[in-house]
**Student:** 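Structure below; questions to follow.
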There are 4 protein chains.
Amino acid sequence: MIVRIDPKSNIPLYEQIIQQVKEMCVKGILKPDDKLPSVRELSSSIVINPNTVSKAYQELERQGVIVTLRGKGTFVAEHQIQEATEKQVIAMKKELEKIIIECKYLGITIDEMNKWVQEIYREMREQADDRS
Amino acid sequence: MIVRIDPKSNIPLYEQIIQQVKEMCVKGILKPDDKLPSVRELSSSIVINPNTVSKAYQELERQGVIVTLRGKGTFVAEHQIQEATEKQVIAMKKELEKIIIECKYLGITIDEMNKWVQEIYREMREQADDRS
Amino acid sequence: MIVRIDPKSNIPLYEQIIQQVKEMCVKGILKPDDKLPSVRELSSSIVINPNTVSKAYQELERQGVIVTLRGKGTFVAEHQIQEATEKQVIAMKKELEKIIIECKYLGITIDEMNKWVQEIYREMREQADDRS
Amino acid sequence: MIVRIDPKSNIPLYEQIIQQVKEMCVKGILKPDDKLPSVRELSSSIVINPNTVSKAYQELERQGVIVTLRGKGTFVAEHQIQEATEKQVIAMKKELEKIIIECKYLGITIDEMNKWVQEIYREMREQADDRS
DNA sequence: GTGGTCTAGACCACA
DNA sequence: GTGGTCTAGACCACC
């Protein structure tokens, strides 16, 4: 499992890890029951503090993305479809609106954005298929 | 101009102001040359520190959304479509991907997201038309 | 707000803080909008690391017990009645069963336990009334 | 003797075994002088490390729940009602309070909890009667 | 070996 | 002033 961290980003390191793990799960690069690198392994491989990795793993577990088996390690959980709460839906919508407004200012058209969405979705499907 | 701030949100107050001003500009609620409330007016109306409003205005001016004329006040700038740099495009794409992944985990389908995009765009057009 | 920590307990320090804050909220010692001591204040008053207090506060916020206002501090949230999920109900039931079994081994009768429950409940009501 | 282990639980495996054995004793599924499976038998049947089972058995013996007769095997001990020390009583009370507070936050009423207690007690009696 | 917790101390953004 | 993040390094329980 390859994780790429940008220490200059304003996104917290642990958040970057969370996002990448989720991305890999969605894209099928990580499949249920796959073992994640141990806290120490990952922290030394990307040269950050073990605590930071630990925090990321704990949050991922809280979200049900991974499970930790005592003394054995950390594993990708079974995919479970959650039911989004209304709050969460509103939040996502707001996020989307934010992006659209930003794109408008950057002169990016809705057509371009639609193309991106298709791309992203295609990538998710393809990679998932490759591995199944 | 009505600004709604949520002090409990994890989004910085000054960021919330920036977003709302930009949103109003894009939706046509604020038009070029419209006058914005002064820092003191706005800060007292939403009960936050004037420094926070000031910071928001400064950032908005830096982005070319508004202009301040010394002694006259702050006004909405002429809409100028920027040319997005490659970095910015990649950033927006990444943001979009992040949302899509998140929605996937929340059980929100791509169709629903597409509907949202249509909604948001329609809202932007309609309100802009009302005012033109 | 007085917090008592037992560093010898096998319960994590941050957990002890969480429990005590919740207890004080339920008993009415802490009321909505009351300000909690800052991370630094509390950590120095009970002589533990600020990170530990921070972790407790973050978890409390995640649970909706408290809210943090950026740069202002941490406050007791409005009481909101959650809807327990089935999983949570089963977990609580299991916990209760565990205690009952343990009590059985210790020769504690069900009548004694019932008395405890009454006591605990009375304490919660009384203190809440005192403050309202 | 059927033991069900959840490796994903945050409760240590050896603790889960202890709890289940005690539960079965209290419910009358296991009676004094009943033979328990050997460490190897149990460890292979629930697919965990023999050391873990061994640890559980040792702790159960320490608590006087079971006895091991060298060369013969492990057996359920005579039920002996202990005299609870004050420390233990306080600890159980605290545990109970913790649960009640938690339930309060989950919107579970005291009436519901009382029903649970009745249920649990009934189950303990019935199964004990079946076997006597 | 694994993850969980804690300390000591630092820097940063926010208000 | 506030909380949020991160590092460096330690100890512990569990398997």
Side-chain angles (χ1 to χ4, degrees), chain A residues 5 7 9-17 35-44 46-61 66-75, chain B residues 5 7 9-17 43 46-56, chain C residues 5 7 9-17 35-44 46-61 66-75, chain D residues 5 7 9-17 43 47-56 59:
Chain A
I5 292 302
S9 164
N10 53 341
I11 302 171
L13 300 185
Y14 80 93
E15 262 290 331
Q16 295 184 39
I17 296 173
K35 190 178 186 309
L36 295 176
S38 80
V39 170
R40 289 165 179 78
E41 271 171 30
L42 185 53
S43 68
S44 70
I46 55 183
V47 197
I48 66 174
N49 191 286
N51 278 333
T52 308
V53 176
S54 183
K55 186 170 184 182
Y57 276 17
Q58 282 180 47
E59 176 61 17
L60 281 166
E61 173 151 37
I66 64 179
V67 289
T68 73
L69 303 188
R70 324 178 59 76
K72 286 199 173 173
T74 311
F75 302 83
Chain B
I5 293 303
S9 163
N10 53 340
I11 301 169
L13 300 187
Y14 82 95
E15 263 287 332
Q16 294 185 41
I17 297 173
S43 67
I46 54 182
V47 199
I48 64 175
N49 195 306
N51 289 333
T52 306
V53 178
S54 182
K55 185 169 182 181
Chain C
I5 291 302
S9 164
N10 53 340
I11 302 170
L13 301 184
Y14 79 94
E15 262 290 331
Q16 294 184 40
I17 297 172
K35 191 178 185 309
L36 295 176
S38 78
V39 170
R40 289 164 179 77
E41 272 171 30
L42 185 52
S43 67
S44 70
I46 55 182
V47 198
I48 65 174
N49 192 286
N51 280 331
T52 306
V53 177
S54 184
K55 186 170 183 180
Y57 277 15
Q58 282 179 46
E59 176 62 14
L60 281 166
E61 173 151 37
I66 64 179
V67 289
T68 73
L69 302 187
R70 324 178 58 75
K72 287 197 170 172
T74 312
F75 302 84
Chain D
I5 293 302
S9 164
N10 53 341
I11 301 169
L13 300 187
Y14 81 96
E15 262 289 330
Q16 293 186 41
I17 296 173
S43 67
V47 198
I48 65 175
N49 195 305
N51 289 333
T52 306
V53 177
S54 182
K55 186 170 182 181
E59 177 61 16

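As a basis for the values below, the full set of heavy atoms in this structure was taken, side chains included, without hydrogen atoms, waters or symmetry mates. A note on names: the letters A, B, ... follow the listed sequences, proteins ahead of strands, and every chain is numbered from 1.
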**Student:** Over how many whole Å does the gap from B:Tyr14 atom OH to E:dC14 atom C1' extend?
**Tutor:** 8 Å
**Student:** Once you round to the nearest 0.5 Å, how far does CG of A:Asn49 lie from OG of A:Ser44?
**Tutor:**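 It is 11.5 Å, given to the nearest 0.5 Å.
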**Student:** What stems involve DNA chain E, if each pair must be Watson-Crick or G-U and both of its distances must be under 3.5 Å, with 3 or more such pairs in a row?
**Tutor:** E:1-14 with F:1-14
**Student:** On DNA chain E, check which nucleotide each of C:Ile48 and B:Thr52 is closest to and give me the residue with the more 5' one.
**Tutor:**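 Closer to the 5' end of DNA chain E: C:Ile48.
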**Student:** Nearest 0.5 Å, please: how far is CD1 in C:Ile11 from CD1 in C:Ile5?
**Tutor:** 10.0 Å
**Student:** Short question: side chain of C:Arg70, backbone of B:Pro7 - any donor-acceptor pair under 3.5 Å?
**Tutor:**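 No, C:Arg70 side chain to B:Pro7 backbone: no donor-acceptor pair under 3.5 Å.
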**Student:** Which comes earlier along DNA chain F counting from the 5' end, the contact point of C:Thr68 or that of A:Leu69, where each point is its nearest nucleotide?
**Tutor:** C:Thr68
**Student:** Just the endpoints, please: which first and last nucleotides of DNA chain F, 5' to 3', lie under 4.0 Å from a heavy atom of chain A?
**Tutor:** F:dT5 to F:dC15
**Student:** Select base, sugar-phosphate, or nothing to describe what A:Glu41 touches, counting heavy atoms under 4.0 Å on all strands.
**Tutor:**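 Sugar-phosphate contact only.
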**Student:** Tell me whether B:Ser54 contacts the main-chain N or O of B:Pro50 through its side chain, where contact means a donor paired with an acceptor under 3.5 Å.
**Tutor:** no
**Student:** Looking for any heavy atom pair under 4.0 Å, which part of the strands does C:Asn10 touch: base, sugar-phosphate only, or nothing?
**Tutor:** nothing
**Student:** If every non-hydrogen atom of A:Ile66 is compared with every non-hydrogen atom of A:Tyr57, which pair is closest and at what distance?
**Tutor:**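 A:Ile66 and A:Tyr57 have their closest heavy atoms at CD1-O, 3.4 Å.
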**Student:** Suppose we screen for salt bridge (charged side-chain N to carboxylate O under 4.0 Å, His left out). Which residues come up paired with D:Glu59, at least two apart in sequence or across chains?
**Tutor:**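 Partners of D:Glu59 by the salt bridge (charged side-chain N to carboxylate O under 4.0 Å, His left out) criterion, ordered by chain and then number, come out as D:Arg62.
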**Student:** If you measure from CG on B:Leu13 to CD on B:Gln16, what distance do you get to the nearest 0.5 Å?
**Tutor:**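 Result: 5.5 Å between the selected atoms.
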**Student:** Supply the atom-to-atom distance A:Leu42 CG to A:Ile17 CD1, rounded to the nearest 0.5 angstrom.
**Tutor:** 5.5 Å
**Student:** Here's a test of your reading of the structure: between C:Val47 and B:Lys55, which maps to the more 5' nucleotide of DNA chain E?
**Tutor:** C:Val47
**Student:** Reckon D:Leu13 touches a base, only the sugar-phosphate, or nothing at all at heavy-atom distances under 4.0 Å?
**Tutor:** sugar-phosphate
